[in-house]
Structure formats: structure tokens, C-alpha cells
Amino acid sequence: MRFHLRGGLAPVTSESQPNRMGWVDVARAVAVLAIVLMHFQIWVIAPYVGHSLDVTIWTKFIEQLNAFHLPLLFVLSGFLVADRVRSGFSDRRTLVSAARSYYLYVVWLAIYWLMSMSLETRTPMGVPDVGSFISQLVLPRSILWFVLALAVYVLVFSALSRFPAALMLPASALLTLSTVWMPGVEGADLYRRVVYYAFFFGIGVYLKPALLKFTSGPMARKLLLTLSIYIILFVVSETLPLSGQLVRAGLRLARETGATFAVIAIVVLLCRVSFVARPLASIGRQTLPIYVLHLPAIWVFLAYPNWEGVFQSAAVRALMPFLAVVVIVSATLLIHKAVIRTPARVLFEMPSAWADRILRKGPRRIEAVQAAAPDRL
């Protein structure tokens, strides 16, 4: 797969997805970097630092990132498998995609369990014992819920492929809003996120032509419109006394949708600046290792015993979130590069023989199918 940016957008050419546009990789990079930044702020900085001005600025910035990072990732995931999912199970690659996502979920759940048992430090969203591991095979409690959600979405949307978009999108929006009434499960409320973000995956699946149209042509007016919608909804949600869970949930859904499209518009404009787009596109093609490895990397950070002393410096507090993201992303990509060349690559790839069995095409490799899978994050 190759990515080229010469004077604007150009397609990423590959056997599996010849029509894929470069903005997709850049957008995925923006989303996953925002997630790493948020988690480092929550689990490393916040527990040790009070409400100093520099930390507050980072916190406010991250709050804005929260409006789009997960919605954007799910929209892109749906976009990349839209044709396949809408073909239903007649295209058996949908089963490969779902199986691959669940395979990766189980593999990394086991790794999180082993690390949580081994590290003598705080391991937020870890898997503390075998009972937790077994229960999380169906009821997620870690950041891996995202990977599980991809498997669920591919199966569910493929099973419902005969229903039109005019029905499926409103239905998925109602399902998303219904999460306000779903019961909490002690220590396992992340299942509600799997339900909530189905709407955004549906946007990618059912509005793929609209997304392609949105990302082509002049972008300034589209950015102004979507950004204005987001800002208006944000101001309304922050200033007006809103009553009722459903009203607040509906406003949140609309706000996150506006933010997602605004960020897509920004990303398309960024793609016209090659020195910015190229490194982001490279990161965007490797979001799986960043996503699954960044939490263990944070656990390693937490093993350091003197963070309170480190954060006494205002300069450190101001720069640490940015520097930590650089270190974590670099480390995870280096680990992935080393592992993927060895038999241990099964940590990041479902064995091709397993996929071949699903496809019923005998023992041959199917890199193209794996490259096209939505669970590359």
C-alpha cells in the first residue's frame, strides 16, 4: 500500500481498496493520537497534579477532543467496510473481519491479564484475575471494548444488510439514545459504549457516498458549517439548563456528529500540506498497535515512583502530555515493527489459515483481506 500527496488528495492504491482516499489514514491518526493523549492525561497526570493553569488548559483541550475521537474512528471503520457489510454474509470476508476483530480482542485481553498480574503498580483498566478475563470475553471492562465493538458491528450490520439506510440509520440513532436507560453493571459499564457508538459505525456504512462527496471539492464552507454546528450545540449544552436524560443524550449525539464532520473537513485540508499529512498518514496505517499497546505503555509510566516530584515543574506539566504521546507512539510502533517480522506476529494478525477456513478457499495467504479489515482501527 502506498500513500501519495502531491498538490492535494490522491488515492491510496492497494489491491483490496483501490478507491481508498488518503484523508482516511490522516483522520485515523488524529483520532488515535487524541485517545492516547486523553488516557495519559487521565491516568498519569491527573492523579498527581492539582488544578494548575497549565494542566487546566490541557484538560479543556482534551475535553474538546472527546467530542470526536471515538465517533470518528467508528465512522471510518464503517466507511472502510461499507460495501462488504451491505453485501451481507454473501461476502464471506465480513466473517473474516468479525473473526479477526474478536481474535485480536481475546489475544490482547490475555496479554492485559498477564501484565496486570505481573506488574506491581497501578494498572487502570487492567484484567486483575482469571475471573475478570473470562467475564470480559463477553462483557468488556478495558479499552479493548473498541475492538470487540468492531466485531459486533460487522456481524450485526451484515445480518441486517437487507434493510435500507433510511431505516437503519434512524434505528441505530434510537439505539444509541436508549443507552441512557440501560442498567449499569458494576465495573462493566463499557458495554453501553458498544451500543452507543453503533450509530457512528452506521454513518460510515450507510453514508459512504455522502462522505465521499463531502471530502471532495472546496472545503472551506463545509468546515465553517460543521464547525458552527458543533460550537452552537456545545454552547447550548454548556449554558442552557437542559432537563431530561433523553434531551441531553440527543444533544450530545448531534454535537459529536457535527464535531466528527468538522474534523473530517479539517483533515482534508491538512492533506494538502504534505509535510503534515505524510507522517500522520503513516501513523494512521498503524493504529492497531498504537491502540492496543498504549495502555500497557501507560502502565510502565505508572511504575515510576516519583511523578509528584516530576510534576512540580510548570514546564514539565505543560510539555509532558505532548512528549508522552510522542514517546508512547514511537515505542508502540517500534515494538510492532520488531514483532511483525517474527512468528509473534500472531499478536497483531489472525493466522491466515484460520481466515482461509472461513473463506473456504484452502491454505493460501489472504493479506489483502486482512489489510482491508475494519479492525485495523
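For Ser116 (side chain) and Val127 (main-chain N/O), a donor-acceptor pair under 3.5 Å exists by modelled atom type. A donor-acceptor pair under 3.5 Å is absent between the side-chain atoms of Ser330 and the main chain of Val327, judged by distance alone. Judged by distance alone, with hydrogens and angles left aside, the side-chain atoms of Arg345 form a donor-acceptor pair with the main-chain N or O of Thr342 at under 3.5 Å. The main-chain N or O of Phe311 is found under 3.5 Å from a side-chain atom of Arg317 such that the two form a donor-acceptor pair. Judged purely by atom type and a 3.5 angstrom limit, Lys222 has no side-chain atom pairing as donor or acceptor with the backbone of Gly217. Panel note: side chain Ser118, backbone Met115; no donor-acceptor pair is recorded below 3.5 Å. No donor-acceptor distance shorter than 3.5 angstrom exists from the side chain of Ser158 to the backbone of Leu155, with no hydrogens or angles considered. Looking at Arg192, its side chain does come within 3.5 Å of a backbone N or O of Met182 through a donor-acceptor pair. Between the side chain of Trp23 and the backbone N or O of Leu270 there is no donor-acceptor pair closer than 3.5 Å. In terms of modelled atom types and a separation under 3.5 Å, the side chain of Tyr230 and the main chain of Leu225 share no donor-acceptor contact.
Remark: Tyr291 OH to Leu104 CG distance equals 13.0 Å, nearest 0.5 Å. One distance of note links CG of Leu293 with CD1 of Ile298; it measures 11.5 Å at 0.5 Å rounding. With rounding to the nearest 0.5 angstrom, the CG atom of Leu253 is 10.0 Å from the CG atom of Leu174. Trp113 contributes atom CH2, which lies 14.5 Å from atom OG of Ser142 (distance to the nearest 0.5 angstrom). Note that CZ of Phe40 and CG of Leu37 are 9.5 Å apart. Values are rounded to the nearest 0.5 Å. Here the straight-line distance linking atom CG of Leu333 with atom CD1 of Ile328 works out to 11.5 Å at 0.5 Å rounding.
Summarising the geometry of Ala165 relative to Pro170, their closest heavy-atom pair is O-CD, 3.8 Å, with the distance given to 0.1 Å. Nearest heavy-atom pair across Gly88 and Ser161 is CA-OG, 3.4 Å. Annotation for Met38 and His69: closest pair SD-NE2, 3.5 Å, computed over non-hydrogen atoms. Considering all non-hydrogen atoms of both residues, Tyr304 and Trp307 come closest at O-CD1, 3.4 Å. Of all non-hydrogen atoms in Ala262 and Thr226, the two that sit nearest each other are CA-OG1, 3.2 Å. Counting all heavy atoms, side chain and backbone alike, Ala198 lies closest to Phe157 at O-CZ, 3.6 Å.
Checked by atom type, the side-chain pair Ser237/Arg255 shows a donor-acceptor distance below 3.5 Å.
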Derivation and outcome, side chain to side chain contact (heavy atoms under 4.5 Å, CB included), residues Leu33 and Val325
CA-CA 7 Å; Leu33 291 175; Val325 169; 3.9 Å; yes
Dump the intermediate steps for side chain to side chain contact (heavy atoms under 4.5 Å, CB included) on Val267 and Val263, then the final yes or no.
CA-CA 6 Å; Val267 164; Val263 171; 4.2 Å; yes
Check the pair Tyr206, Val85 against side chain to side chain contact (heavy atoms under 4.5 Å, CB included), reporting the backbone distance first and the verdict last.
CA-CA 10 Å; Tyr206 296 108; Val85 167; 5.7 Å; no
Residues Arg84, Ser97; criterion side chain to side chain donor-acceptor pair (under 3.5 Å); working and verdict
CA-CA 10 Å; Arg84 189 180 314 162; Ser97 295; 2.9 Å; yes
Pair Trp58, Phe322 - check ring-ring contact (aromatic ring centres under 6.0 Å, His included), show working.
CA-CA 10 Å; Trp58 272 112; Phe322 170 77; 7.8 Å; no
What verdict does the side chain to side chain contact (heavy atoms under 4.5 Å, CB included) test give for Asp25 and Leu280, after you've listed the backbone C-alpha separation in whole Å, the side-chain angles of each residue and the deciding distance to 0.1 Å?
CA-CA 7 Å; Asp25 286 326; Leu280 286 177; over 6 Å; no
Determine, step by step, whether Tyr112 and Trp299 satisfy the ring-ring contact (aromatic ring centres under 6.0 Å, His included) criterion, reporting the C-alpha distance in whole Å, the side-chain angles of both residues, the deciding distance to 0.1 Å, and the verdict.
CA-CA 10 Å; Tyr112 282 18; Trp299 292 345; 5.4 Å; yes
With side chain to side chain donor-acceptor pair (under 3.5 Å) as the test, would you mind laying out the steps for Tyr196 and Arg252 before giving the verdict?
CA-CA 11 Å; Tyr196 180 86; Arg252 175 191 171 188; 3.2 Å; yes
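Residue Leu233 forms a side-chain contact (heavy atoms from CB on, under 4.5 Å) with just one option from Val235, Ile231, Ile229, and that option is Ile229. When each of Phe201, Phe79, Phe199, Tyr197 is paired with Phe74, the ring-ring contact (aromatic ring centres under 6.0 Å, His included) condition holds for Tyr197 and for no other.
With contacts defined as side-chain heavy-atom distances shorter than 4.5 Å, the pair His39/Leu295 does not qualify. Side-chain contact check for Met117 versus Pro128: every heavy-atom pair is 4.5 Å or farther apart. Annotation: side chain of Val30 is in contact with side chain of Phe68 (closest heavy-atom distance under 4.5 Å). The shortest distance between side-chain heavy atoms of Phe214 and Met219 falls below 4.5 Å. Side-chain contact between Ile290 and Ile283: present, with at least one pair of heavy atoms (C-beta onward) separated by less than 4.5 Å. No side-chain heavy atom of Pro351 sits less than 4.5 Å from a side-chain heavy atom of Asp356. Counting heavy atoms from C-beta outward, Val154 and Ser101 have side chains that stay 4.5 Å or more apart. Ile143 is listed as a side-chain neighbour of His294, based on a closest heavy-atom distance under 4.5 Å.
For Phe163, the CZ atom sits in a loose shell: 12 or fewer heavy atoms of surrounding residues, nucleotides or ligands are nearer than 6.0 Å.
One hydrophobic cluster, built from ILVMFWY side chains closer than 4.5 Å, cannot hold both Val300 and Val44; they sit in different ones. Clustering ILVMFWY residues whenever any of their side-chain heavy atoms sit less than 4.5 angstrom apart, transitively, puts Leu269 in a cluster other than the one holding Leu224. Cluster membership for Trp354 and Leu359, using ILVMFWY side-chain heavy atoms within less than 4.5 angstrom, is shared. Follow the hydrophobic side-chain contacts under 4.5 Å out from Leu334 and you never reach Trp108; the two are in separate clusters. Leu109 is connected to Val346 through a chain of hydrophobic side-chain contacts under 4.5 Å among Ile, Leu, Val, Met, Phe, Trp and Tyr, so both are in one cluster.
Each side-chain hydrogen bond (donor to acceptor under 3.5 Å, both in side chains) pair with one or both residues in residues 121-140, not counting sequence neighbours, appears once here: Ser132-Gln136, Ser135-Arg141.
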